Novice: 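Quick one: the structure is below, questions incoming.
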Protein chains: 2
Amino acid sequence: MAQSDTVTRILDTAEVLFAEKGFAETSLRAITTKANVNLAAVNYHFGSKKALIQAVFARFLGPMTQNLEAALDRSQSDVSNGQLTVEDILILVARVMVAESKGSPARLSMMMRLAGLAYTQGQGHLRKFLQNQYTQTFYRLMKITAEATPELKPIERFWRFHFMLGSLVFTMASLESLQAIAEHDFGVRNSELDVIDQLLPFLASGVRAGSLGSPSKGWSLD
Amino acid sequence: MAQSDTVTRILDTAEVLFAEKGFAETSLRAITTKANVNLAAVNYHFGSKKALIQAVFARFLGPMTQNLEAALDRSQSDVSNGQLTVEDILILVARVMVAESKGSPARLSMMMRLAGLAYTQGQGHLRKFLQNQYTQTFYRLMKITAEATPELKPIERFWRFHFMLGSLVFTMASLESLQAIAEHDFGVRNSELDVIDQLLPFLASGVRAGSLGSPSKGWSLD
DNA sequence: TTATGTTTTAAACACTTGTTTGATAGGTGT
DNA sequence: ACACCTATCAAACAAGTGTTTAAAACATAA
């Protein structure tokens with residue numbers, strides 16, 4: 001049981017530090033000393049720092065995608081509620097994400113940061129790892145979103161899907177900063193649940209928006 | 001003129017590399033060798049790596065905020081069009097941003113990527129720098145957004161403002177990746193202007209959305 | 001017990017990092 | 001000519017990085 005304990009303690013500590021300071025800025029020494037394990041333990045149990053990073057996210061994304069798939073199965077096999085609406089989908093995803101990050105809001109923040117890095121940081125081991133591992137669930141989400149928004153042209157739907165993703169990722173990745181500002185400026189402490197509560201109608205309304213004024217790109221010229 | 005040339009070449013190169021790989025992952029040696037300047041030039045001209053990062057931001061944000069302020073002055077002094085709508089504001093911002101990145105469309109993508117990193121990646125000094133330097137313009141934008149959306153509660157408006165910011169930053173930061181996917185999946189090559197064209201109605205509709213179903217957070221429990 | 005395989009440990013490794021140094025020009029003004 | 005300030009350069013610096021090593025401790029089973 002000593003091994004399992006060391007591995008878990010490394011993963012737990014790495015998760016927190018990665019979310020706090022980023023990947024490159026978090027050294028193995030910082031992780032191992034805070035986790036009260038020997039420095040060499042990381043390379044012994046995981047092989048390398050890269051592998052540790054992937055293991056941290058695999059521990060989060062594995063169960064999460066499983067739960068997401070299960071929730072999608074449940075919703076789609078239930079004929080009583082017929083076609084899923086955009087709100088249904090968003091709520092479904094939100095439920096799974098929040099449930100998966102239960103107890104540690106930093107987890108959600110870190111997971112979203114990875115998504116951002118995977119998209120932004122063109123090449124690198126993270127993106128490939130993510131892509132090879134979790135694309136089928138991602139495309140399934142896009143597919144049922146398509147069924148929920150038949151009025152959109154495919155290319156429109158593509159962009160709006162990523163607009164939603166952007167709001168979600170950015171908001172969750174910088175959640176702590178924004179919470180601090182909100183508390184300072186409005187004296188209100190919004191939990192992550194509060195924020196998601198505000199986010200869902202914003203996204204749902206966005207995807208169903210009409211098009212802008214008739215002449216395309218007219219805004220860009222005087 | 002040698003100094004100005006060296007400084008410019010450092011800034012140009014740093015801008016690209018920071019956007020590509022992040023701050024911590026980009027070494028001064030990588031910058032200086034690619035820029036064909038001596039390693040010590042960075043510390044000589046900027047003082048430190050931190051200062052270089054801030055200088056990269058300042059060179060872009062300085063003119064941009066100036067133009068933004070000027071555009072706001074023009075719009076607000078023009079009594080003929082009265083109160084600005086959300087669309088007006090979004091179009092105004094889009095115009096300034098596109099104009100500022102003129103000549104190098106990748107530049108906007110880079111700066112948004114940097115902004116995203118600055119928000120996400122703790123980096124205490126960067127956030128403080130941005131906050132102390134450009135908050136007045138930022139708050140002015142929030143103020144006229146408030147006037148354009150009187151129906152929203154302040155805290156609602158605060159979050160939706162950042163939801164918009166998230167969509168914008170994420171989309172622009174990952175523009176190249178998304179363009180490639182769109183071209184592969186739909187056979188359509190969308191320019192940055194096309195994307196902004198799609199983004200504006202999404203954002204405008206999002207900020208004006210109603211609230212979600214009556215019981216707050218009802219979605220989070222079964 | 002002995003033997004075997006696994007886990008932990010301290011130390012060292014090779015390498016990269018940002019920064020500093022002192023010498024060497026380059027230019028400008030007196 | 002001289003002095004003065006600025007800029008560039010190769011070299012070195014101390015500190016920190018991920019990784020490896022070989023010995024030690026531990027566990028499990030024969």
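Please read these numbers as outputs of a predicted model, since none were measured by experiment. So you know, we letter chains A, B, ... as the sequences are listed, proteins then strands, and number each from 1.
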Novice: Going by side-chain contact (heavy atoms from CB on, under 4.5 Å), B/Leu72 matches just one of B/Asn67, B/Leu92, B/Val96. Which one?
Specialist: B/Leu92
Novice: Atom CG of B/Leu39 to atom P of D/dA7: distance rounded to whole Å?
Specialist: 17 Å
Novice: Between D/dG16 and A/Arg29, counting only base atoms on the nucleotide and side-chain atoms on the residue, is there a donor-acceptor pair under 3.5 Å?
Specialist: no
Novice: Write down the distance between NZ (B/Lys21) and P (C/dT16), rounded to a whole number of angstrom.
Specialist: 13 Å
Novice: Could you tell me whether the phosphate oxygens of C/dT8, OP1 or OP2, come under 4.0 Å of any side-chain nitrogen or oxygen in A/His45?
Specialist: yes
Novice: Rounded to whole angstroms, how far apart are CD on B/Glu25 and C1' on C/dT16?
Specialist: 14 Å
Novice: In whole angstroms, how far is the P atom of C/dT16 from the NZ atom of A/Lys49?
Specialist: 16 Å
Novice: A/Tyr44 OH to C/dT7 P: how many Å, rounded?
Specialist: 4 Å
Novice: Just checking A/Ala40: base, sugar-phosphate only, or nothing, at a heavy-atom cut-off of under 4.0 Å?
Specialist: base
Novice: Could you give the NZ-to-C1' distance, from A/Lys50 to D/dT19, as a whole number of Å?
Specialist: 13 Å
Novice: Is there a side-chain polar atom (N or O) of B/Asn38 under 4.0 Å from OP1 or OP2 of D/dA7?
Specialist: no
Novice: Any side-chain N or O of A/Ser48 below 4.0 angstrom from OP1/OP2 of D/dG18?
Specialist: no
Novice: Hey, does A/Thr32 reach any base, or is it just sugar-phosphate, or nothing, if we go heavy atoms under 4.0 Å?
Specialist: nothing
Novice: Strictly below 4.0 Å: does A/Ser27 bring a side-chain N or O up to OP1 or OP2 of D/dG16?
Specialist: no
Novice: Hey, what's the ring geometry for A/Phe138 with A/His162, parallel, tilted or perpendicular (30° and 60° as the breaks)?
Specialist: tilted
Novice: Mapping A/Asn43 and B/Asn36 to their closest nucleotides on DNA chain D, which lands nearer the 5' end?
Specialist: B/Asn36
Novice: Once you round it to whole Å, what is the distance between P of D/dA7 and CD1 of B/Ile10?
Specialist: 12 Å
Novice: Give a yes or no on this: more than 12 heavy atoms of other residues, nucleotides or ligands lie within 6.0 Å of atom CD of B/Glu183.
Specialist: yes
Novice: Tell me if a side-chain donor or acceptor on B/Arg157 pairs with a main-chain N or O of B/Thr149 at a distance below 3.5 Å.
Specialist: yes
Novice: Could you state the CG-P distance from A/Leu28 to D/dT20, rounded to the nearest angstrom?
Specialist: 12 Å
Novice: Hey, could you give me the CD/CG distance between B/Gln198 and B/Leu203, rounded to the nearest 0.5 Å?
Specialist: 12.0 Å
